[in-house]
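Report on the structure given below.
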Amino acid sequence: MEYTNKMNQNLALKSLQELVSCLNKNFGGKYFIIDGTLLGLVRDGGFITGDHDIDIGMWVEDYDITIIDDFIAAGFKYERKFGTPSTGLELRFRYGDIPIDLIFFHRETDHIWNNLYTAQGQTLKAVSPIFSLEPANFLGLNVMVPSPPKKYIETVYGSKWQHPVKIWNYKYCQQNIKPVGSIFWKMAYPLKKAYWHFRQGSIYQSASPATKKIIFTDGAFDLFHANHVALLEEAKSLGDRLVVGVLSDECVANYKRLPVIPQDERLRIVQSQSCVDEAFILNAPMDAKTMREIINTYNITTIVYAGNSTPEFYQEIEEMGLLIRPIYRTGTNTSAIISRIIDRNVLPNNIAN
């Protein structure tokens, strides 16, 4: 199949966040990132531009039919099943517009295998060298990946795995697969593969400069603390350049309290972080018009918002698929620091008003 429907990467991250949350409930440590999703992590630090789905693997001995119920309960749509646990199982789900393939791997004495299935019901067997699993971080999510990941990737994509492709057909491009099943299919497959490659020519893109991903986040950043650092570092990990709006004293006072640290000093603190490329005082109405102006001025491609609600400021952006929500961090926050200071009678009580 030649994929032309490119998934929105911000919605894909939201889907992966929900996927990880779902699987961690009953299958924590038993699933791992594979194929195109793993290639994106290793090569690009995130999803591949132009990818169409999320690829997840599990060991077949960890399969339990209740996993389908878990996915459905978490808001995923169960689309279909290919094969069986003994013959090579693949489950297909969808979260909104994002397809998810869950593939089950068999461990033999000297190799690992899984099956792939064509739209016509034909079977392809993928064989990999023995691999174990190791932890990795995918855009702020703790996941497992084949170890070593580059060896697995080269097995699947060949020695040119670092070179982006302009067209991809897993039936004819994946390096470690072979046809299984009927004699006719086994005989026809090499001819179909050769003809497809003859028609396409080179599948690789010509070298061209990549489009930079520019990330934006905002906040008061009052009494700067470790969770502020974590937010900025995670936001930067999503792209090439991080722009930060430091809310003015007036903006913060309108929705929360007058900041303890004046805006110019808060700006200087944020600018001093190595992960921040540019920061400015954001002193404008907190509405969709202001957000559109920021996007146009700084050529923003993604907005990161760490709150646990959706203010009007972000609603239009979320509908456009530009908003990413990191996992909400509990623990230290500015209000807690102020309360701690008050409890110790270091400052007068009216500081929190």
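Small disclaimer: the values here were computed from a predicted structure and weren't measured.
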Between the side chain of K236 and the main-chain N/O of I215, is any donor-acceptor distance below 3.5 Å? no

Heavy-atom nearest pair, T37 first then D51, reads N-OD2, 4.1 Å

Requested in this report: May I ask you to decide if G36's main-chain N or O and Y157's side chain share a donor-acceptor pair within less than 3.5 Å?
Outcome: yes

Between H106 (side chain) and T87 (backbone), is there a donor-acceptor pair under 3.5 Å? no

Heavy-atom nearest pair, S15 first then I54, reads CB-CD1, 4.0 Å

Any donor-acceptor pair under 3.5 Å from T301 side chain to I214 backbone
yes

Counting only N and O atoms by type, is there a donor-acceptor contact under 3.5 Å from the side chain of R266 to the main-chain atoms of L247? yes

*asked:* One thing to verify: whether D53 and R92 come together as a salt bridge, which I'm taking to mean a side-chain N less than 4.0 angstrom from a carboxylate O.
replied: no

NZ (K193) and NZ (K171) are apart, to the nearest 0.5 Å, by 12.5 Å

4.5 Å side-chain heavy-atom contact, N176 and V127:
no

Hits for salt bridge (Lys or Arg N to Asp or Glu O under 4.0 Å) against R268, two or more places apart or cross-chain, chain-then-number order -> none

In terms of heavy-atom contacts, L19 and I56 come closest through CD2-CG1, 3.5 Å

Do any side-chain atoms of residues 146-156 form donor-acceptor pairs under 3.5 angstrom with protein atoms, and if so which ones, sequence neighbours left out?
from : atom 1 : to   : atom 2 : distance (Å)
S147 : OG     : E134 : OE1    : 2.5
Y152 : OH     : D35  : OD1    : 2.7
T155 : OG1    : K151 : O      : 2.9

Those residues at least two apart in sequence (or on a different chain) that pass ring pair (Phe, Tyr, Trp, His ring centres under 6.0 Å) with F216 are none

Separation between CD1 (I48) and CZ (R43), nearest 0.5 Å, reads 4.5 Å

So CD of Q17 and CG of L141: to nearest 0.5 Å the spacing works out to 5.5 Å

Shortest non-hydrogen pair, I98 vs N8, comes out as CD1-O, 4.1 Å

Quick one: does Y305's side chain get under 4.5 Å of I317's, heavy atoms only? no

Can you tell me if D222 uses its side chain to pair, donor with acceptor, with the backbone of I261 under 3.5 Å? yes

Does one hydrophobic cluster hold both Y255 and Y314, with members joined at side-chain heavy-atom distances below 4.5 Å? yes

Contacts of W185 meeting side-chain hydrogen bond (donor to acceptor under 3.5 Å, both in side chains) (sequence neighbours excluded), chain-then-number -> none

*Return yes if some donor-acceptor pair links the side-chain N/O of T297 with the main-chain N/O of I294 below 3.5 Å, else return no.*
no

**Message:** Counting C-beta onward and ignoring hydrogens, is there a side-chain heavy-atom pair between V145 and F32 closer than 4.5 Å?
**Reply:** no

Problem set entry | Side-chain heavy atoms of N169 within contact of W196, under 4.5 Å | yes

With a cut-off of 3.5 Å and sequence neighbours excluded, list every side-chain donor-acceptor pair involving residues 278-291.
from : atom 1 : to   : atom 2 : distance (Å)
E278 : OE1    : R241 : NH2    : 2.8
N283 : OD1    : S248 : OG     : 3.0
D287 : OD1    : K289 : N      : 3.3
D287 : OD1    : T290 : N      : 2.9
D287 : OD1    : T290 : OG1    : 3.1
K289 : NZ     : E293 : OE2    : 2.6
T290 : OG1    : P285 : O      : 2.5

>> Does Y78, at its OH atom, have more than 12 non-hydrogen atoms belonging to other residues, nucleotides or ligands within less than 6.0 Å?
In response: yes

Would you confirm whether D249, through its side chain, and Q263, through its main-chain N or O, come within 3.5 Å as a donor-acceptor pair? yes

When every non-hydrogen atom of F104 is compared with those of W59, the smallest separation belongs to CD2-O, 3.9 Å

Note to self: Could you tell me if the side chain of V244 sits less than 4.5 Å from the side chain of D218, heavy atoms only?
What the structure shows: no

Margin query: Taking CG in D62 as the centre, count heavy atoms belonging to other residues, nucleotides or ligands within less than 6.0 Å. Is the count above 12?
Written below: yes

Here the salt bridge (Lys or Arg N to Asp or Glu O under 4.0 Å) pairs for residues 14-31, sequence neighbours left out, are K14-E18

So OG of S272 and CG of L267: to nearest 0.5 Å the spacing works out to 10.0 Å

Quiz item: If we only count heavy atoms from C-beta on, is the F224 to L232 side-chain gap below 4.5 Å?
Solution: yes

Separation between CZ (R107) and OG (S128), nearest 0.5 Å, reads 13.0 Å

CD1 of I67 to CD1 of I72, rounded to nearest 0.5 Å, is 11.5 Å

Q. F82 ring centre to R80 NZ or CZ under 6.0 Å, with the angle to the axis within 45°?
A. yes

In terms of heavy-atom contacts, C173 and Q175 come closest through O-NE2, 3.0 Å

* Beyond-backbone contact of Q174 with L124, side-chain heavy atoms, under 4.5 angstrom -> no

message = Tell me if a side-chain donor or acceptor on T123 pairs with a main-chain N or O of G181 at a distance below 3.5 Å.
response = no

*Say whether, by atom type as modelled, one donor and one acceptor occur between the side chain of D101 and the main chain of D55 under 3.5 angstrom.*
no

For this session: Check the angle between the aromatic planes of F93 and F76 and answer parallel, tilted or perpendicular using the 30° and 60° thresholds.
Result: perpendicular

So, do K192 and Y172 sit near enough that their side-chain heavy atoms are less than 4.5 Å apart? yes

Side chain to side chain contact (heavy atoms under 4.5 Å, CB included) with I103: of L89, L91, N114, only one passes, and it is N114

